[in-house]
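These numbers were taken from a predicted model, which means no experiment stands behind them. For the single chain, residues carry numbers from 1 onward in sequence order. Remember, it's 1-based here, ligands and their atoms both numbered in the order they're listed.
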Amino acid sequence: MPEFQTVRGMRDFLAKEAAAMKYVEALTRELARLYGFQEIITPIMESYELLAAKSGEEIRQRMYTFEDLGGRKVALRPEFTASIARLMASTLRNEPKPLRLYCFGSLYRYDEPQFGRYREFWQSNYELIGTSRPEADVEILSLTNDLFQRIGLRDCHFKIGHVGIVKGILSAEGMKEQSQNRVMQLLDKKQWNDALTIAKKLKVSEKCLDTLKKVFEIKGEDSEKVLKEIKKTVKDHEKAVTATENLKEILMLLQKGGVELDMTIEAGFARGLEYYTGIIYEVTVPELDVSIAGGGRYDRLIELFGGEPVPAVGIAHGIDRITLAMEKQQIQPKTMLGMRVMIVSIGEEPRGEALKIASMLRNAGVPVELEVMGRTVSRALQDADRKGATHAIILGPKEMEKQEVTLRDMKKREQSTIKVQNLLEEIRKTQA
Ligand code: HAM
């Protein structure tokens, strides 16, 4: 048994997995560029209070929390949104709106490790800050749809809700924010009966309980029909009606803009994070039973951290789960392999020349690996094959005198003697 292993829940990413992650990362960054999001980098560690403020009970209990040597209570970030809201309430508070911010990096949650659930995982996170207009909500959904289409993921399903529906009903009963959050947490865990029991304990009226029960049952793919049903059910609760209208406006704009999502609208849908105030969504694929993305609108978080009231909406895509979904759907990450050359010298003599040829090719943008193990030509060629080199250049002392080398096309298994000065041209020719 080796002495050390990774800490439970932490993983090493070897070349193949790292390449898949980097491929998805590159696509998320390209989407940021196309939609005008600027990348920012925030610290992995933040003050515990900041991260705990509105992350929700579930995440709060699973944070990696500790005291630093200065006695500060700190935690590893379980998400990006709190850090961005902190920035908006401080350094970025006077920036012209809207702001479109993109982050990519690792997050930490002490979740029970299982398929698709890790203690260290990666997100691409997008926040559109400064407007409550439905165009912004639509933009985040459209960007997400574009990302998954570019990756080639099939059958992505969007689950969509609006926290203002249930919260609108509860607040009309005078229920405090904290109690509302308890109800929402149970809904997030799909414990509808427990949510009703808690509401009953908190002395909401029979009529309200009846409405809640009906609301929890409303869901469907025909958004027009579902929205009509919600509106009818919540008609006596003004705030819930406003929330339904907001959801309708967003979904209609989505439709008008030609963004076709495969979606279910669920009136009793809730998410674990406590800062949401408007539309919320999660994306799944049939091959995984965990979401590959999640987000929503949060219009009061920045204000809570001491800033101006600034409306905002955002989403985070789970990179680990996206690569798992790609594997399941047999989608290969596109890697820019291109030419890769291995240089082998026979004996000691041509070693200097080998270095010079390597530099010449690298300067022309060709990736080169020098044989550094002192292997025989046949062993070196086996190694080049294993590594997927497209060419091998073999330097023998006699050929070198004539400024010539042997160029081997590894795929065709053919080789010829050529002048050093023609090497680059020849390699490029065989690649084309
Ligand atoms: P979240 O739903 O907690 O939202 O996380 C978003 C995504 O991160 C999930 O859909 C999932 O793909 C991935 N994820 C979460 N936990 C794990 C885990 N333990 N292992 C692997 N992947 C995981 C947020 O984080 C919000 N900050 C999103 C947001 C941005 N809302 C507004 N703006």
Side-chain angles (χ1 to χ4, degrees), residues 8-11 13 21 24 28 32 37 42 46 50-51 53-64 76-88 99-129 136-137 139-141 143-144 147-148 151 153 156-159 161 163 185 188-189 269-285 287-302 310-326:
R8 184 165 150 78
M10 301 287 148
R11 294 157 299 154
F13 290 81
M21 290 262 287
V24 178
T28 67
F37 282 72
T42 60
E46 295 270 10
L50 174 98
L51 297 172
K54 281 279 171 186
S55 59
E57 200 46 38
E58 189 132 329
I59 293 183
R60 204 155 29 232
Q61 280 173 8
R62 295 191 173 157
M63 284 204 291
Y64 279 86
L76 299 184
R77 62 185 180 198
E79 57 143 359
F80 283 114
T81 313
S83 305
I84 290 169
R86 167 182 60 70
L87 270 174
M88 289 310 302
L99 255 87
R100 289 181 171 87
L101 301 176
Y102 160 80
C103 291
F104 188 96
S106 58
L107 296 309
Y108 301 85
R109 295 182 193 174
Y110 201 78
D111 282 330
E112 202 41 49
Q114 50 184 280
F115 185 75
R117 197 178 292 280
Y118 311 107
R119 290 184 177 171
E120 181 184 51
F121 59 96
W122 274 258
Q123 285 182 348
S124 56
N125 186 93
Y126 303 76
E127 310 288 355
L128 206 175
I129 302 151
D137 305 277
E139 183 165 305
I140 296 290
L141 287 167
L143 179 155
T144 299
L147 174 68
F148 292 150
I151 293 173
L153 280 179
C156 291
H157 189 83
F158 287 69
K159 179 153 86 169
V163 297
Q185 274 156 28
D188 175 40
K189 292 188 199 138
F269 172 38
R271 288 183 26 83
L273 296 148
E274 280 172 4
Y275 46 65
Y276 293 117
T277 55
I279 187 173
I280 47 170
Y281 26 79
E282 272 175 16
V283 189
T284 49
V285 284
E287 291 83 359
L288 299 185
D289 54 11
V290 282
S291 63
I292 55 171
R297 172 166 286 284
Y298 53 100
D299 286 349
R300 291 204 299 269
L301 186 63
I302 296 166
V310 185
V313 59
I315 195 164
H317 309 120
I319 306 302
D320 313 70
R321 293 181 185 175
I322 292 172
T323 56
L324 281 177
M326 286 168 69

Handout entry: Identity and distance of the protein heavy atom lying nearest atom 24 (C) of ligand 1
Key = Leu273 CD1, 3.6 Å

Practice task
For Arg117, take its heavy atoms, then give the atoms of ligand 1 lying under 4.0 Å from any of them.
Solution key: 19 (N), 20 (N)

Exercise for the section: For the residue pair Phe37 and Tyr126, categorise the inter-ring angle as parallel (less than 30°), tilted (30 to 60°) or perpendicular (more than 60°). Expected result: perpendicular

Handout entry: atom 23 (C) of ligand 1 - nearest protein heavy atom and its distance
Key = Phe121 CD1, 3.4 Å

Exercise for the section: Answer with yes or no whether Asp320 contacts ligand 1, where contact means a heavy atom under 4.0 Å from a ligand atom. Expected result: no

Problem - Location of contacts on Arg119 toward ligand 1, heavy atoms closer than 4.0 Å - result: neither

Handout entry: Proximal ligand 1 atoms for Asn125, defined as those under 4.0 Å from one of its heavy atoms
Key = 30 (C)

Practice task
Identify the protein heavy atom lying closest to atom 28 (C) of ligand 1, giving its residue, its atom name and the separation to 0.1 Å.
Solution key: Gly294 O, 3.3 Å

Fill in the blank from the handout: Paired with Tyr276, the side-chain hydrogen bond (donor to acceptor under 3.5 Å, both in side chains) test is passed by just one of Arg297, Arg271, Lys54, namely Arg271

Exercise for the section: Note the single closest protein heavy atom to atom 13 (C) of ligand 1, along with its residue, its atom name and the distance in Å. Expected result: Gly318 CA, 3.7 Å

Exercise for the section: State whether the shortest distance between N or O atoms of Asp111 and N or O atoms of ligand 1 falls below 3.5 angstrom. Expected result: yes

Practice task
Flag Tyr275 as yes when one of its N or O atoms lies below 3.5 Å from any N or O atom of ligand 1, and as no otherwise.
Solution key: yes

Handout entry: Within reach of ligand 1, part of Ile315 (heavy-atom separation under 4.0 Å)
Key = backbone

Problem - Close side-chain approach of Gln123 and Phe121, heavy atoms under 4.5 Å - result: yes

Problem - Heteroatom distance test (Glu282, ligand 1): nitrogen or oxygen, under 3.5 angstrom - result: no

Handout entry: Trp122 heavy atom under 4.0 Å from ligand 1
Key = no

Problem - Any Leu141 side-chain heavy atom under 4.5 Å of Asp137 side chain - result: no

Handout entry: Non-hydrogen side-chain atoms of Val290 and Phe115 separated by less than 4.5 Å
Key = no

Practice task
Would you check whether Ser291 has a nitrogen or oxygen atom less than 3.5 angstrom from a nitrogen or oxygen atom of ligand 1?
Solution key: yes

Exercise for the section: Would you mind listing which atoms of ligand 1 come within a distance below 4.0 Å of any non-hydrogen atom of Ile292? Expected result: 10 (O), 12 (O)

Exercise for the section: Under 4.0 Å from a heavy atom of Gly116: give me the atoms of ligand 1 that qualify, with their elements. Expected result: 20 (N), 21 (C)

Problem - Heavy atoms of other groups near Arg300 CZ, more than 12 under 6.0 Å - result: no

Problem - Any Leu101 side-chain heavy atom under 4.5 Å of Leu87 side chain - result: no

Handout entry: Between Ser124 and His317: side-chain donor-acceptor atoms closer than 3.5 Å
Key = yes

Problem - Minimum side-chain heavy-atom gap Phe158-Thr144 below 4.5 Å - result: yes

Practice task
Decide yes or no for Thr284 and Lys159: does some side-chain heavy atom of the first lie under 4.5 Å from some side-chain heavy atom of the second?
Solution key: no

Handout entry: atom 20 (N) of ligand 1 - nearest protein heavy atom and its distance
Key = Tyr118 N, 3.0 Å

Handout entry: Any N or O of Ala293 closer than 3.5 Å to N or O of ligand 1
Key = yes

Problem - Which residue and heavy atom of the protein sit nearest atom 22 (N) of ligand 1, plus the separation - result: Arg321 NE, 3.3 Å

Practice task
Grab the two heavy atoms, one from Arg117 and one from Glu112, that are nearest each other, plus how far apart they are.
Solution key: CD-O, 3.7 Å

Exercise for the section: For Tyr110, look at atom OH and say whether over 12 heavy atoms of other residues, nucleotides or ligands are found less than 6.0 Å away. Expected result: no

Practice task
Kindly give the heavy-atom pair with the smallest separation between Glu274 and Glu57, and that separation in Å.
Solution key: OE2-N, 3.9 Å

Practice task
Look at atom 7 (C) of ligand 1 and say which protein heavy atom is nearest, naming residue and atom and giving the distance to 0.1 Å.
Solution key: Gln123 NE2, 3.7 Å

Exercise for the section: Check whether any heavy atom of Ala82 sits under 4.0 Å from an atom of ligand 1. Expected result: no

Exercise for the section: Only heavy atoms count here, so choose which of Phe80, Tyr276, Tyr298 is nearest to atom 29 (C) of ligand 1. Expected result: Tyr276

Practice task
Assess Arg271 for proximity to ligand 1: is some non-hydrogen atom of it under 4.0 Å away?
Solution key: yes

Exercise for the section: Give a yes-or-no answer on whether the side chains of Glu127 and Tyr298 include a donor-acceptor pair shorter than 3.5 Å. Expected result: yes

Practice task
Any atoms of ligand 1 less than 4.0 Å from a non-hydrogen atom of Glu127? List them with their elements.
Solution key: 30 (C), 32 (C), 33 (N)

Handout entry: atom 27 (N) of ligand 1: the protein heavy-atom neighbour that sits closest, reported with distance to 0.1 Å
Key = Glu79 OE1, 2.5 Å

Problem - N/O separation below 3.5 Å, Thr81 to ligand 1 - result: yes

Practice task
Provide the closest heavy-atom pair for Val285 versus Ala325 in the form atom of the first, atom of the second, distance.
Solution key: CG2-CB, 3.8 Å

